[in-house]
Amino acid sequence: MRPKGLLMWAVAAACSVVLVLLLFRPHQAPKISHSEIREQDFVKLSSENKALKSQIESLETMLLAAKKSLAAEPANEPEPKHVGAEQPCDVEKHIHKKFHPQGFREVLDWEAFDSAHVFSWKRTWQVMGHIGNSRLELQQVVQQGLQQLGPAAHLYKWQHGNVRVDQLRGVEYYLDYVLRTPTPNSSLPLFRRISFLRPIMQVLVQEADPAPANAMDETVYLILPLSGRTTMFRSFMKGVLAAIPKHSPPVHIVVVYFAEDTAVDETSRAAVEQLLEFYQHNHGLGFTIKVLMQPFSRGVGLEAGALIVDSRGGHDPLLFFCDVDMKFNFDFLQRCRANAVAGHRIYFPIVFSLYRNKPNVVAAPNGAWRNYGLGMVCVYQSDFKNLGGFSKTITGWGREDVDFYERVVKQGTLEVVRAVDDGIQHIFHDKLCDEGTLTEDQFKDCIGSMADWEGTKVDLGKSIATYRLQIGRLEAQIKELQGQAVVPGVPGAAAAAAPAPVVDQQSDQKEAEAGGKNLQR
């Protein structure tokens with residue numbers, strides 16, 4: 001190698017070494033004080049905080065826009081699955097196991113039905129036709145049974161069915177079908193029974209109640225038509241006072257008194273008015289009384305009382321149509337306020353009717369539910385007017401409530417709440433059914449009411465057995481006297497001397513009780 005080339009190589013190598021040393025020498029950071037470090041950290045954190053706030057505001061804006069979009073558009077919810085043979089597993093998840101009764105009263109009885117009737121010992125009418133929902137239900141279950149049989153089945157007739165309700169499982173059915181056989185060689189029809197269940201899937205909360213928030217504070221205007229009956233009215237007012245505790249929402253009594261131009265009517269009217277003034281002065285119970293100089297008509301009286309309340313003006317008042325033979329408590333008044341909603345609902349409570357000489361306790365031996373009684377009503381004034389009020393052409397006892405109820409149902413603008421209510425009872429009293437003053441239908445209803453509420457079957461059996469024993473003993477006495485009266489020579493002497501038979505009352509009572517039990521059987 002030439003010296004000149006060697007020299008150039010040495011210079012290049014030296015430059016490379018110097019460059020390497022400069023590139024790979026250890027880095028020394030500039031010295032910074034602690035205060036400068038804290039200041040830099042603060043600036044950095046402040047910047048990150050501002051960025052996060054900006055992101056949060058952006059996300060909130062997006063969330064608000066999404067909520068508005070969801071509110072504007074209907075939610076695309078999945079349609080509920082229908083219960084059928086294609087998805088038994090889905091149904092079984094929601095069905096409770098069958099209940100195993102432990103005693104006679106726990107057994108769930110079946111009702112029977114065919115294409116025209118329902119047969120049940122539990123109902124007042126033990127044989128009745130299919131009406132309303134019952135008719136629609138029958139059509140659905142029979143059709144579903146045919147689908148279960150399949151398209152190859154040739155229906156000859158639908159024969160019979162059984163149904164019962166299990167509150168936890170649902171409505172259970174047995175359906176009996178008679179089919180024509182598809183093969184020509186068989187002449188006998190086929191009997192097929194299908195058992196299926198309309199399940200209760202789950203408990204669902206319905207829409208919010210339409211009653212306003214202050215509904216339980218409403219004043220109840222009690223409308224009472226009255227004619228005479230001052231003793232019962234005195235007992236009625238004691239019951240009203242007991243049903244209104246201190247500091248409870250008020251009740252205002254509106255009495256429409258029917259009178260004629262007689263001294264008796266004037267005395268009774270004065271007694272009623274004095275009693276109302278007493279309760280107003282001593283207990284603060286408000287009242288209004290209106291006298292109508294005409295024969296008693298319940299529909300006319302209720303209509304007149306409703307007009308008195310309406311003439312006061314102000315907000316829409318709550319009316320309670322009542323009778324003097326009723327007794328109610330505070331719980332009933334609260335249900336009257338809750339079940340009647342202006343423009344939505346009207347309340348027809350089913351009252352408990354007491355038998356003769358029974359205590360005022362809601363229990364089977366003391367009375368029964370008056371399921372056909374429609375006279376007690378809780379309704380707002382606006383709804384009452386829109387429905388046309390009570391008929392003014394019906395006089396005497398009954399039928400005006402049936403007429404009003406049928407119009408409410410047919411009009412269909414209000415939900416009818418028809419429920420048993422243990423807070424209101426009908427007090428037993430003797431009833432006068434005058435065939436001369438009542439129409440044929442009113443007279444039949446009056447006689448039927450007397451028979452229904454006289455007592456239980458055992459009570460009626462005891463009365464009938466007692467009367468039969470008394471009649472039998474009287475007939476025996478008459479025969480004995482007639483036989484002794486034919487003594488020759490002294491007519492009637494033996495009859496006069498004959499001692500009267502001794503009546504064993506304890507024996508009569510035992511025989512009457514036995515007769516009552518036999519009649520019940």
Test side-chain contact (heavy atoms from CB on, under 4.5 Å) on Phe296 and Tyr257 and set out the steps.
-> CA-CA 8 Å; Phe296 179 82; Tyr257 193 86; over 6 Å; no
Between Phe384 and Phe404, ring centroids under 6.0 Å = yes
Candidate pair Phe428 and Ser353, rule side-chain contact (heavy atoms from CB on, under 4.5 Å), full reasoning = CA-CA 7 Å; Phe428 179 87; Ser353 191; over 6 Å; no
Between Asp422 and Arg335, does at least one N-O distance fall below 4.0 Å, as a salt bridge requires?
-> yes
May I ask you to say whether Asp265 pairs ionically with Arg269, meaning some side-chain N is under 4.0 Å from a carboxylate O?
-> no
Which atom pair, heavy atoms only, marks the closest approach of [X] to [Y]?
X	Y	value
Arg337	Met216	CD-O, 3.4 Å
Leu175	Phe196	CD1-CE2, 3.3 Å
Ala306	Leu319	CB-CD1, 3.9 Å
Leu354	Pro359	CD2-O, 3.4 Å
Phe332	Cys378	CZ-SG, 4.3 Å
Arg234	Leu275	CA-CD2, 3.6 Å

Dump the intermediate steps for side-chain contact (heavy atoms from CB on, under 4.5 Å) on Glu111 and Phe119, then the final yes or no.
-> CA-CA 6 Å; Glu111 293 183 350; Phe119 307 94; over 6 Å; no
Under a 3.5 Å threshold, yes or no: a donor from one side chain and an acceptor from the other, between [X] and [Y]?
X	Y	answer
Gln140	Arg198	yes
Asp403	Ser391	no
Asp114	His160	no

So, does Arg164 use its side chain to make a donor-acceptor pair with the main chain of Leu108 at under 3.5 Å?
-> yes
Under 3.5 Å, is there a donor-acceptor pair between the side chain of Asp323 and the main chain of Asp325?
-> no
Which distance, rounded to the nearest 0.5 Å, do you find between the CE of Met237 and the CE of Met232?
-> 15.0 Å
To the nearest 0.5 angstrom, please state how far the SG atom of Cys322 sits from the CD1 atom of Ile424.
-> 5.5 Å
Arg370 to Phe352 six-membered ring, cation-pi geometry met (6.0 Å, 45°) | no
Positive for ring-ring contact (aromatic ring centres under 6.0 Å, His included) with His252, one of Phe287, Tyr221, Tyr279, Phe320 | Tyr221
side-chain contact (heavy atoms from CB on, under 4.5 Å) evaluation trace for Leu224 with Val324 = CA-CA 7 Å; Leu224 180 70; Val324 72; 4.2 Å; yes
pair Leu197-Arg169: side-chain heavy atoms closer than 4.5 Å = yes
For atom CZ of Arg468, decide whether the heavy atoms of other residues, nucleotides or ligands shown that lie under 6.0 angstrom number more than 12.
-> no
